[in-house]
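Written out below as structure tokens is the structure these notes cover.
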Protein chains: 2
Amino acid sequence: MTTKAAPFDELDRKIVAALIENGRASFAEIGTSIGLSATAVKRRVDRMRENNIITGFSATVRPAALGWLTEAYVEVYCDSAAPPRRLAEVVRNHPEIAAAMTVTGGADALLHVRATDVEHFEEVLERIRTEPFIRKTISYMVLSHLIPDSPEAGAPRPSTPDRAANQR
Amino acid sequence: MTTKAAPFDELDRKIVAALIENGRASFAEIGTSIGLSATAVKRRVDRMRENNIITGFSATVRPAALGWLTEAYVEVYCDSAAPPRRLAEVVRNHPEIAAAMTVTGGADALLHVRATDVEHFEEVLERIRTEPFIRKTISYMVLSHLIPDSPEAGAPRPSTPDRAANQR
DNA sequence: TATGAAATCAATAGTAC
DNA sequence: GTACTATTGATTTCATA
């Protein structure tokens, strides 16, 4: 069972869309725009949070404003059969890795890395390449975003904006 | 002038971190955790929104729950000198493109594409390849996320969850 | 140019229907 | 699904360092 008994309808869709656009919109405000009472909207939101359709709320931050000026995608090649379990552990050890996934194609994984500057990025890369079963990496530096206000052009992981903030 | 007169201090950093973790946290709550009054927190948040340090608030959504089951990164190769202006326009025409950036390396751009399923993805790819100056694309399908709750494992662009929602 | 305290207004969380 | 209500949060005003 992939879907459970979650009657996800058009109204839910509109509520989610509204909350993606403005995560602090009030239930009353959303309700007005879709023709529902605030209470009804709240109950639907609560249900969607229960069902992990909505997993949370977050501020969108311009990373450059916090000192994260460098960004790259890194292909990772592992020894023989890469164990995704272990790879996940490794990835969590480096807070500069904003996202990581296994992918089809030659590489075993693709990392999205954020760093304060090129020097910092090089340091991260060296750290990653030191990990046991990582054989090689290929980096693609991000030059500019073609969709500037997309969520992914956004914030780094909350865990460690420390270094960035200090480096200004 | 890159920074203007924005005295971004340790307290601001903590507020931002708190709001990234929970975008609906109350000012009082944040204030208590960092030793500031709700009023002071609100004023700092307002200032950071003014200064575009915080650009907005958004719900985090599990795309699979909305029917976006397929995800890929697509390298795009353009004819001769690719004009980033035009490329940005093209990218905006395809709502399935969640993020797009120019990158170093062989490719001119890297796209993050979300689709409901493989069939839908193929359709998107054909649409992209039909665009005037796009010469070739190379796709890397995402198999699994190694950081499941990262923001980027999150929602597609608010513009068009329509197709996904209908396709359940 | 910052803060905090108090008053007011709006939103949320319950409850009942 | 709505209506009503107690509580909580947001916001404004004012005083202070």
Side-chain angles (χ1 to χ4, degrees), chain A residues 3-62 65-67 155 158 161-162 165-166 168, chain B residues 1-62 65-66 155 158 161 165-166 168:
Chain A
T3 7
K4 205 171 148 182
F8 184 84
D9 64 10
E10 188 65 14
L11 287 169
D12 288 325
R13 235 206 66 249
K14 285 180 180 169
I15 292 170
V16 167
L19 284 174
I20 287 175
E21 193 134 11
N22 176 11
R24 297 201 104 173
S26 75
F27 299 137
E29 192 180 327
I30 297 170
T32 309
S33 75
I34 65 171
L36 223 56
S37 72
T39 317
V41 173
K42 182 196 182 309
R43 272 200 293 255
R44 281 168 177 264
V45 171
D46 287 346
R47 182 173 50 73
M48 288 192 279
R49 296 197 65 168
E50 287 272 321
N51 298 350
N52 277 302
I53 291 172
I54 295 171
T55 55
F57 294 91
S58 178
T60 310
V61 173
R62 199 162 45 84
L66 299 182
D162 315 86
N166 296 337
R168 295 213 54 149
Chain B
M1 53 131 169
T2 47
T3 7
K4 202 169 150 183
F8 185 84
D9 65 9
E10 187 66 13
L11 287 170
D12 288 326
R13 236 206 65 251
K14 285 179 179 170
I15 292 170
V16 167
L19 284 174
I20 287 175
E21 192 135 9
N22 177 12
R24 297 201 102 172
S26 75
F27 297 138
E29 191 181 327
I30 296 170
T32 307
S33 75
I34 66 172
L36 223 56
S37 72
T39 319
V41 173
K42 182 199 183 308
R43 272 194 294 249
R44 280 168 178 263
V45 171
D46 287 347
R47 184 174 48 74
M48 288 192 279
R49 296 197 64 170
E50 287 272 321
N51 298 349
N52 278 302
I53 291 171
I54 295 171
T55 55
F57 295 90
S58 179
T60 310
V61 173
R62 199 162 45 83
L66 299 183
N166 295 339
R168 296 208 56 149

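Per chain, numbering begins at 1; letters A, B, ... match sequence-line order.
If you find the closest nucleotide of DNA chain D to B/A28 and to A/L11, the one lying nearer the 5' end belongs to A/L11.
Closest of all the heavy-atom pairs between B/V61 and A/T55 is N-OG1, 4.2 Å. Across all their heavy atoms, B/A65 and A/N52 have their closest contact at CB-O, 4.5 Å.
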If you apply the rule side-chain contact (heavy atoms from CB on, under 4.5 Å), what do you find for B/F57 with B/R24, and how did you get there? CA-CA 8 Å; B/F57 295 90; B/R24 297 201 102 172; over 6 Å; no
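Distance CD1 (A/I30) to P (C/dA10): 18 Å, rounded to an integer number of Å. Summarising the geometry, the separation between CZ on A/F27 and P on D/dA3 is reported as 18 Å, rounded to the nearest angstrom. Distance CD1 (B/I15) to C1' (C/dT3): 13 Å, rounded to an integer number of Å. Atom P of nucleotide D/dG9 and atom CG of B/N22 are separated by 12 Å, given to the nearest angstrom. Rounded to an integer number of Å, the gap from A/L36 CG to C/dT12 C1' is 16 Å. C/dA2 atom P lies 12 Å from atom CE of B/M48, rounded to whole Å. Nucleotide C/dA2 holds its C1' atom 15 Å from the CG atom of B/D46, rounded to whole Å. Rounded to an integer number of Å, the gap from CD of B/E29 to P of D/dG9 is 8 Å.
A/R24 has no side-chain polar atom (N or O) that falls below the 4.0 Å cut-off from OP1 or OP2 of C/dA11. An OP1 or OP2 oxygen of C/dT12 is reached within less than 4.0 angstrom by no side-chain nitrogen or oxygen of A/K42. Not one side-chain nitrogen or oxygen of B/R47 sits closer than 4.0 Å to the OP1 or OP2 atom of C/dA2.
Nearest nucleotide to the side chain of A/S37, out of C/dA6, C/dT3, D/dT2: D/dT2. In this structure, of C/dT3, D/dT2, C/dT12, it is C/dT3 that holds the atom nearest to the side chain of B/A40.
Counting any heavy atom pair closer than 4.0 Å across all strands shown, B/S26 reaches sugar-phosphate atoms only and no base atom.
Side-chain to base pairing of B/R43 with D/dT12: no donor and acceptor N or O lie closer than 3.5 Å to each other.
For the pair A/E50 and A/R47, the salt-bridge criterion is not met [side-chain N within less than 4.0 Å of a carboxylate O].
Shown are B/L36, B/V16, B/I54; of these, the side chain to side chain contact (heavy atoms under 4.5 Å, CB included) with B/R44 is made only by B/L36.
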